[in-house]
Structure formats: structure tokens, C-alpha cells
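Below you'll find the structure, written out as C-alpha cells, and then a few comments.
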Amino acid sequence: LPKSVVFGTSGLGGCMGWMIVHPANTLAVRWNLASMQGKPFNFGAMIRETGWMGLYDGLSAGVLRQVFYAISRFGPEEELHSQRVLCVHDERLVVFAGNHATRGE
């Protein structure tokens with residue numbers, strides 16, 4: 001596949017995934033905010049107050065973030081796989097290096 005297709009589908013996939021995850025994330029944030037304020041969380045009251053579309057508040061920022069994140073992560077990963085820089089035999093090394101990099105070792 002051409003690189004533009006690989007990078008484009010990576011970005012599109014990230015955006016579509018975020019559109020599915022975002023309502024659950026919004027719900028979790030509102031639940032946590034209510035508990036931090038010492039209030040009980042009521043899903044029904046939230047829906048009456050903001051409507052179902054309230055679950056999608058802030059979606060544009062999340063989608064924009066996914067455009068850059070997904071393209072910069074998944075696009076190069078697919079390109080490296082296609083060039084055999086990353087292969088199944090090197091997966092342990094990549095995971096090992098990634099684990100040490102995230103721990104600061």
C-alpha cells in the first residue's frame with residue numbers, strides 16, 4: 001500500500017476508535033468529579049441536564065489529538081513492519097527496550 005494510505009488509515013482508525021471510547025471517558029470523568037465534590041453521581045440526572053449529546057462534549061479536541069497521535073504512532077509502525085525492521089523475532093527486544101525506556105532505565 002502507498003504510504004499515504006497507511007498513514008491515512010492509521011489516523012482514521014484512531015479517530016474512529018476515539019469516537020467510540022469518548023462517551024465512556026466523559027462519563028468516567030464526570031463520575032470522578034462528582035465523587036471529588038462529595039456528591040453522588042446520577043447518570044439519569046446528567047442525561048436530563050445535558051442530553052445524550054452531552055456525552056460527546058469535547059469530542060473535537062479528542063479527535064484532533066488522535067489525528068496526530070495515531071498518525072505518528074501507527075503509521076511509522078506499519079512502515080517499519082513492512083520494511084522488516086520490526087518482525088516477530090525482534091518483538092521481545094522491542095518490548096524489553098520499551099519497558100526499560102518507560103521506567104527510565
Subject >> Pairing residues for V21 by the side chain to side chain contact (heavy atoms under 4.5 Å, CB included) criterion, not counting sequence neighbours >> reply: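 In terms of side chain to side chain contact (heavy atoms under 4.5 Å, CB included), with neighbours along the sequence ignored, V21 is linked to W18.
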
**OP:** List in chain and number order the residues that pass side chain to side chain contact (heavy atoms under 4.5 Å, CB included) with M19, two or more places apart in sequence or in another chain; answer none if no residue qualifies.
**Re:**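 Side chain to side chain contact (heavy atoms under 4.5 Å, CB included) list for M19, sorted by chain: L59, V63.
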
Filter on salt bridge (Lys or Arg N to Asp or Glu O under 4.0 Å), then keep only pairs touching [range], sequence neighbours left out; what's left?
range          : value
residues 13-25 : none
residues 59-70 : none
residues 6-27  : none
residues 4-28  : none

query: Under a single-linkage rule joining Ile, Leu, Val, Met, Phe, Trp and Tyr whose side-chain heavy atoms are separated by less than 4.5 Å, which residues share a cluster with I20?
result: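 Noted: I20 shares its cluster with no other residue.
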
What donor-acceptor contacts under 3.5 angstrom involve side-chain atoms of residues 32-39, with partners at least two apart or in another chain?
| from | atom 1 | to | atom 2 | distance (Å) |
| --- | --- | --- | --- | --- |
| N32 | ND2 | A28 | O | 3.3 |
| S35 | OG | N32 | O | 2.8 |

Closest heavy-atom pair and its distance - G11, A70
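What the structure gives for the nearest pair is CA-CB, 4.0 Å.
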
Under 3.5 Å donor-acceptor pairs involving side-chain atoms of residues 40-57, not counting sequence neighbours:
| from | atom 1 | to | atom 2 | distance (Å) |
| --- | --- | --- | --- | --- |
| N42 | OD1 | G44 | N | 3.0 |
| N42 | OD1 | A45 | N | 3.1 |
| T50 | OG1 | M46 | O | 2.9 |
| D57 | OD2 | R30 | NH2 | 3.1 |

